[in-house]
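Residue numbering restarts at 1 for every chain, and letters A, B, ... go by the order of the sequence lines.
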Amino acid sequence: MEDLKRIKIKELMDAPVVGKKVNVKGWVRTFRSNRFIAINDGSTINNMQAVVDFEAMDEQLLKRVTTGACVSVTGELKESLGKGQTVEVIVESLEILGDADPEKYPLQPKKHSLEFLREIAHLRVRTNTFSAIYRVRHAMIFAVHNFFNQKGFYNVHTPIITGSDAEGAGEMFRVTTLDLTNPPKNEDGTINNKEDFFGKETNLTVSGQLEGETAAMGMSEIYTFGPTFRAENSNTSRHLAEFWMIEPEMAFYDINDNMDLAEEFVKYLVKYALENCKDDLEFLNQRALDEEKGKPQNERSSMSLLERLQFVADNEFERVTYTEAIDILKNSKPNKKKKFQYLIEEWGADLQSEHERFLVEKHFEKPVILYNYPKDIKAFYMRQNNDDKTVAAMDVLFPGIGEIIGGSQREERYDVLKARVDELGIPEKDLWWYLDLRKFGSAPHSGFGLGFERLILFVTGMGNIRDVIPFPRTPDNAEF
RNA sequence: UCCCCCUUAGCUCAGUUGGUUAGAGCGGCUGACUGUUAAUCAGUAGGUCCUUGGUUCGAGCCCAAGAGGGGGAGCCA
């Protein structure tokens with residue numbers, strides 16, 4: 001084979017130079033008519049068609065061109081005679097880089113269930129659906145940094161191993177180097193954590209917020225984007241034990257500034273996807289439509305994926321206080337007809353997902369930001385409002401997904417925060433540095449957390465969060 | 001953690017009231033054809049009916065326990 005530099009399929013398709021000799025490497029999707037090899041290299045959802053003259057080629061070599069095999073083809077780029085593509089490579093030389101035994105290779109040129117593909121997560125990236133999802137995921141990662149960079153926010157790496165167990169966002173994964181079969185003990189029989197690597201009990205982070213706040217109290221506007229770990233025994237299509245979270249934290253922002261930023265942020269991401277992931281979103285749009293064909297009419301969504309994304313980009317989110325939401329729910333049909341599993345009786349009740357869904361999907365039919373929640377159902381660090389009953393918390397709720405963002409204005413008044421910490425019995429030794437922020441140059445500030453995979457669920461139209469991260473970690477599953 | 005559903009060929013699924021040799025489509029293989037688009041046509045192979053135990057003359061089908069998967073709830077992002 002001639003020594004020709006490999007070119008990506010995306011490059012060839014974006015700017016095809018007909019008549020040029022090119023080398024393409026990738027994985028065989030199908031080999032039709034003993035003549036047409038559909039090659040995909042992951043640079044785009046589109047395949048490059050390579051045309052071989054089977055009468056002039058080694059039959060044994062062509063036999064090895066099977067679904068899943070990795071090949072390198074070299075030849076002239078020509079306008080395609082067929083209809084499905086504009087250009088194709090007329091193969092002069094063909095090399096098999098890696099065989100794939102068709103009797104054993106699990107992917108076939110046919111539709112596979114998502115459940116089956118989850119079991120072969122190391123190979124599912126070779127399907128249109130998953131490569132499309134991962135390309136969109138990449139675009140969203142890029143867009144997150146782009147958005148904040150343009151706005152003058154600084155990215156901060158908060159620790160993944162944390163020594164404070166006061167974050168209160170959920171069950172934590174223990175990090176230890178102690179010998180679990182024979183751990184060092186104190187005289188009273190408890191484990192002696194002083195012997196552990198850090199000389200104390202440590203865990204994987206459940207949120208970078210508290211550390212993020214320290215950064216905001218010196219750099220004004222920061223954001224984190226990192227892995228987050230929750231050892232909750234959650235078995236749903238919206239929860240992962242290991243996920244990625246974006247947490248901006250802004251000095252001098254009140255709850256309204258916070259909601260403005262959250263809305264602007266999500267809209268930016270959705271618009272970015274619409275503008276930069278056209279091919280992939282069109283494929284995912286069609287995939288979702290095909291999937292819905294199998295569903296009864298009343299379970300189908302009123303808008304297609306692309307329409308939904310455009311709708312979110314174009315329309316104001318509805319902003320409703322908790323108190324207003326309770327009124328709406330109390331007087332709603334399902335509440336009066338006792339259709340809710342949990343009926344709304346009075347102010348103070350925690351909203352269940354059936355209530356959130358009603359507000360978002362039935363009542364307003366658009367994304368909703370709920371804010372000013374009762375303080376008793378929210379975290380200790382949220383700023384108490386003047387009514388003495390509510391805190392300046394806000395949740396952004398999305399159709400089909402529920403809470404995509406949770407945030408608040410933070411309590412910046414030392415006395416108020418200290419009283420709340422004491423009231424809840426949170427040990428001050430874990431939070432002394434957090435309280436210090438309120439002692440020295442405190443400032444009103446706000447922030448929120450966006451669950452990255454939940455955003456990807458929305459943007460790709462997928463239904464299960466295990467399909468929008470390459471290797472999902474969930475209870476009882478850490479395969480791969 | 002709780003509730004519900006599922007597990008039959010490589011994949012997606014059918015399998016009647018408990019009855020003789022468990023089926024289809026797709027995929028694989030063999031051959032034909034050759035400008036195809038998940039190519040087409042013909043033929044063909046392929047089964048621990050999730051596991052264990054039980055009921056029965058007889059279990060893919062009934063019962064119990066377990067494993068795996070899915071949907072929903074809670075928790076949350």
Once you apply a heavy-atom cut-off of 4.0 Å, does [X] come out as touching a base, just sugar-phosphate, or nothing?
| X | answer |
| --- | --- |
| A:T236 | base |
| A:R466 | sugar-phosphate |
| A:L81 | base |

**Asked** Going 5' to 3' along nucleotides 5-14 of chain B, which nucleotides have protein heavy atoms under 4.0 Å from the base (write B), which only from the sugar-phosphate (write S), and which from neither (write -)?
**Response** -----BBS--
**Asked** Going 5' to 3' along nucleotides 42-49 of chain B, which nucleotides have protein heavy atoms under 4.0 Å from the base (write B), which only from the sugar-phosphate (write S), and which from neither (write -)?
**Response** --------
**Request:** Please state whether the base of B:C76 and the side chain of A:R454 form at least one donor-acceptor pair under 3.5 Å?
**Result:** yes
**Prompt:** Quick one: the side chain of A:Q85 and the base of B:U36, do they pair up donor-acceptor inside 3.5 Å?
**Reply:**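 When only heavy-atom distances are counted, A:Q85 does reach the base of B:U36 through a donor-acceptor pair under 3.5 Å.
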**Message:** Among B:G70, B:A73, B:C76, which nucleotide has an atom closest to any side-chain atom of A:N464?
**Reply:** B:G70
**Item:** Residue matched to B:U12 through Watson-Crick or wobble contacts both under 3.5 angstrom
**Value:** B:A24
**Message:** Between B:C61 and B:A14, how far apart are the two C1' atoms, rounded to whole Å?
**Reply:** 14 Å
**Prompt:** Just to confirm, is there a sub-4.0 Å distance from OP1 or OP2 of B:A39 to any side-chain nitrogen or oxygen of A:N34?
**Reply:**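 No, outside the criterion.
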**Prompt:** Taking OP1 and OP2 of B:A39, is either one under 4.0 Å from a side-chain nitrogen or oxygen of A:R32?
**Reply:**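 For A:R32, the contact criterion (side-chain N or O under 4.0 Å from OP1 or OP2 of B:A39) is met.
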